[in-house]
There are 2 protein chains.
Amino acid sequence: MIDKNKGKKDFTNFLREHGQRLTNERSVVLNRILSCTGHFDPDSLYLQIRQTGLKVSRASVYRTLNLLHKSGFISIVRKTEKGTIYECVYGIKHHDHMHCNECGKVIEFYSEELEKLQEKICEKQGFKGQSHTLEIRGYCAKCKKNMK
Amino acid sequence: MIDKNKGKKDFTNFLREHGQRLTNERSVVLNRILSCTGHFDPDSLYLQIRQTGLKVSRASVYRTLNLLHKSGFISIVRKTEKGTIYECVYGIKHHDHMHCNECGKVIEFYSEELEKLQEKICEKQGFKGQSHTLEIRGYCAKCKKNMK
DNA sequence: TTGTTATTGAGACTCATTCTCAATTAATAT
DNA sequence: ATATTAATTGAGAATGAGTCTCAATAACAA
Ligand SMILES: [Mn+2]
Ligand SMILES: [Mn+2]
Ligand SMILES: [Zn+2]
Ligand SMILES: [Zn+2]
């Protein structure tokens with residue numbers, strides 16, 4: 001389970017280093033994304049927050065998401081026609097995604113071998129890799145079967 | 001070099017199969033993207049076309065780019081705040097990208113080993129991979145040096 | 001506390017992309 | 001070739017995710 005107190009402390013430190021403050025609004029958004037298990041989009045997040053009775057404006061949600069992205073708490077899963085999809089990566093093992101073109105299902109996977117190979121490829125180019133996004137698109141097992 | 005005639009034929013076939021027609025406008029856009037060596041965005045493409053004296057509306061450029069994407073002539077490199085960046089992939093060997101966070105340089109690379117490994121990983125999940133996008137972000141050799 | 005400065009929120013604004021619909025054009029039938 | 005039918009185009013309006021403005025407010029340091 002994710003340690004929210006540590007998260008709060010880490011985020012505060014990030015903000016401090018940039019001359020910024022931990023406000024109530026930022027704290028609310030932070031808490032919400034630390035509770036998110038899956039992928040999410042800004043507006044759903046906003047609505048979820050409002051449903052709990054807390055008041056944070058859309059502008060602040062967007063602003064905070066940008067901060068959380070810069071500080072590495074969340075990462076962008078993909079950008080669709082309808083907006084950006086994020087996921088919380090704080091205290092969560094890195095993984096990549098497969099995306100079913102038919103039903104939209106998302107499969108998360110991790111391969112040590114794949115990570116190592118990417119590092120090797122970066123070295124060959126003199127490139128210092130920091131992060132990466134790999135999305136494999138195609139058909140999940142179920143949809144694959146239904147196609148015949 | 002890319003065979004534009006074959007390209008035209010292939011695109012026409014795609015359109016026919018969908019009850020659509022190869023118009024002058026679509027032909028102009030197709031020709032332009034087949035001449036593109038690097039990455040491009042819709043509006044630059046539109047302006048390039050206008051500069052050659054040809055008349056194609058923005059709406060048609062966008063519409064045709066969508067068709068070219070669906071038919072596999074172009075692929076989306078990345079979506080930025082400022083819009084979508086495409087590249088022509090017709091008759092061009094697949095590759096992935098490294099992106100320098102500092103200077104914006106883009107390195108294209110290809111690794112047979114990486115492709116094979118991805119296939120293996122897909123099989124393990126019962127997933128039928130069709131396409132993928134891998135973007136590695138970090139620092140290019142030059143920027144890496146300038147950081148110290 | 002007090003002073004200083006960052007932050008917030010409502011709504012205006014941006015701008016890439018899509019939509020509308022009357023006029024036009026490609027493909028097909030006669 | 002000409003008429004028929006349906007797809008396509010373009011100008012500009014519309015959409016909508018995300019950003020910006022700025023007066024009011026809250027965080028923080030002393
Ligand atoms: Mn994920
Ligand atoms: Mn490329
Ligand atoms: Zn599926
Ligand atoms: Zn660089």
Side-chain angles (χ1 to χ4, degrees), chain A residues 8-9 11-33 39-50 52-71 74-86, chain B residues 8-9 11-33 39-50 52-71 74-86:
Chain A
K8 191 163 186 169
K9 197 180 289 180
F11 190 43
T12 304
N13 285 339
F14 169 84
L15 291 170
R16 283 249 175 76
E17 286 166 16
H18 294 257
Q20 296 183 285
R21 299 162 182 178
L22 181 68
T23 61
N24 278 334
E25 289 79 0
R26 286 173 181 168
S27 195
V28 167
V29 175
L30 174 65
N31 266 301
R32 194 87 274 294
I33 70 107
H39 300 174
F40 64 88
D41 63 277
D43 209 55
S44 309
L45 195 75
Y46 167 72
L47 294 173
Q48 275 179 35
I49 289 172
R50 301 224 86 202
T52 68
L54 299 166
K55 293 267 190 296
V56 179
S57 70
R58 266 200 180 78
S60 284
V61 168
Y62 277 105
R63 285 187 284 230
T64 306
L65 285 177
N66 286 337
L67 289 171
L68 290 168
H69 184 229
K70 279 179 195 150
S71 56
I74 61 179
S75 76
I76 294 173
V77 178
R78 58 201 316 245
K79 295 195 177 181
T80 74
E81 323 68 50
K82 307 194 174 307
T84 304
I85 296 174
Y86 294 95
Chain B
K8 191 164 187 167
K9 196 180 292 181
F11 190 42
T12 304
N13 284 340
F14 169 82
L15 291 170
R16 283 250 174 76
E17 287 167 15
H18 294 256
Q20 296 182 287
R21 301 163 180 175
L22 180 68
T23 62
N24 279 333
E25 290 78 1
R26 287 173 180 169
S27 195
V28 166
V29 174
L30 174 64
N31 266 300
R32 192 87 276 292
I33 69 106
H39 299 175
F40 65 88
D41 64 276
D43 209 56
S44 311
L45 195 77
Y46 167 72
L47 294 172
Q48 277 178 35
I49 288 171
R50 301 223 85 200
T52 67
L54 299 167
K55 294 266 191 295
V56 179
S57 71
R58 266 200 180 79
S60 284
V61 168
Y62 277 102
R63 285 188 283 231
T64 306
L65 285 177
N66 286 337
L67 289 171
L68 289 167
H69 183 231
K70 279 179 197 153
S71 56
I74 62 181
S75 75
I76 293 173
V77 178
R78 58 202 314 245
K79 294 196 177 179
T80 75
E81 320 70 48
K82 306 190 174 309
T84 305
I85 296 173
Y86 294 95

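Reminder, nothing fancy here: chain letters follow the sequence lines and each chain counts from 1.
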| After noting the C-alpha distance and the side-chain angles of B:L45 and B:L65, does the key distance pass the side-chain contact (heavy atoms from CB on, under 4.5 Å) rule? | CA-CA 10 Å; B:L45 195 77; B:L65 285 177; 3.9 Å; yes

| query | Of all heavy-atom pairs between A:T52 and A:I49, which one has the smallest distance, and what is that distance? | reply | OG1-O, 2.6 Å

| task | Please report, rounded to the nearest Å, how far the C1' atom of D:dA7 is from the CD atom of B:E25. | result | 12 Å

| In whole angstrom, what separates A:E17's CD from C:dA6's P? | 17 Å

| Does A:S57 have a side-chain nitrogen or oxygen under 4.0 Å from the phosphate oxygens OP1 or OP2 of C:dT8? | no

| task | Starting at atom CG of B:D41, determine the distance to atom P of C:dC15, rounded to an integer number of angstrom. | result | 14 Å

| request: Send over the distance from B:I85 CD1 to C:dA16 C1', rounded to a whole Å. | output: 13 Å

| remark: Shortest non-hydrogen pair, B:Y46 vs B:V56, comes out as CE1-O, 3.0 Å

| field | Separation of C:dA6 P from A:L67 CG (nearest whole Å) | value | 14 Å

| Test log, rule side-chain contact (heavy atoms from CB on, under 4.5 Å), inputs B:K82 and B:D41 | CA-CA 9 Å; B:K82 306 190 174 309; B:D41 64 276; over 6 Å; no

| Stepwise, does the side-chain contact (heavy atoms from CB on, under 4.5 Å) test hold for A:H18 with A:K70? | CA-CA 11 Å; A:H18 294 257; A:K70 279 179 195 150; over 6 Å; no

| task | Determine, step by step, whether A:R26 and A:L15 satisfy the side-chain contact (heavy atoms from CB on, under 4.5 Å) criterion, reporting the C-alpha distance in whole Å, the side-chain angles of both residues, the deciding distance to 0.1 Å, and the verdict. | result | CA-CA 10 Å; A:R26 286 173 181 168; A:L15 291 170; 4.1 Å; yes

| query | A:I33 versus A:T64: any side-chain heavy-atom pair under 4.5 Å? | reply | no

| query | In whole angstroms, how far is the P atom of D:dG16 from the NZ atom of B:K79? | reply | 16 Å

| said: Would you say NZ of B:K8 has more than 12 non-hydrogen atoms from neighbouring residues, nucleotides or ligands within 6.0 angstrom? | reply: no

| field | Rounded interatomic separation in angstrom, taking OH from B:Y46 and C1' from D:dG12 | value | 12 Å

Using atom names, set out every protein N or O paired with an N or O of nucleotides 23-25 of chain D below 3.5 Å, distance rounded to 0.1 Å.
none

| task | Look up atom OG1 in B:T84 and atom CG in B:D43, then write down how far apart they are to the nearest 0.5 Å. | result | 12.0 Å

| request: Identify the two heavy atoms, one from B:K55 and one from B:E25, that lie closest to each other, and give their separation to 0.1 Å. | output: O-CG, 4.5 Å

Under 3.5 Å, which N/O atoms of the protein pair with N/O atoms of nucleotides 17-20 of chain D?
{"residue": "D:dG18", "atom": "OP1", "partner": "A:T84", "partner atom": "N", "Å": "3.0"}
{"residue": "D:dG18", "atom": "OP1", "partner": "A:T84", "partner atom": "OG1", "Å": "2.8"}
{"residue": "D:dG18", "atom": "OP2", "partner": "A:Y62", "partner atom": "OH", "Å": "2.9"}
{"residue": "D:dT19", "atom": "OP2", "partner": "A:N66", "partner atom": "ND2", "Å": "3.4"}

Could you go over nucleotides 23-30 of chain C and give all protein N or O partners under 3.5 Å, atom names and distances?
{"residue": "C:dA26", "atom": "N3", "partner": "B:R21", "partner atom": "NH1", "Å": "3.1"}

| How long is the span from the CZ atom in A:R58 to the CG atom in A:L47, to the nearest 0.5 Å? | 6.0 Å

| remark: Here the distance between atom P of D:dA7 and atom CZ of B:R26, to the nearest Å, is 11 Å

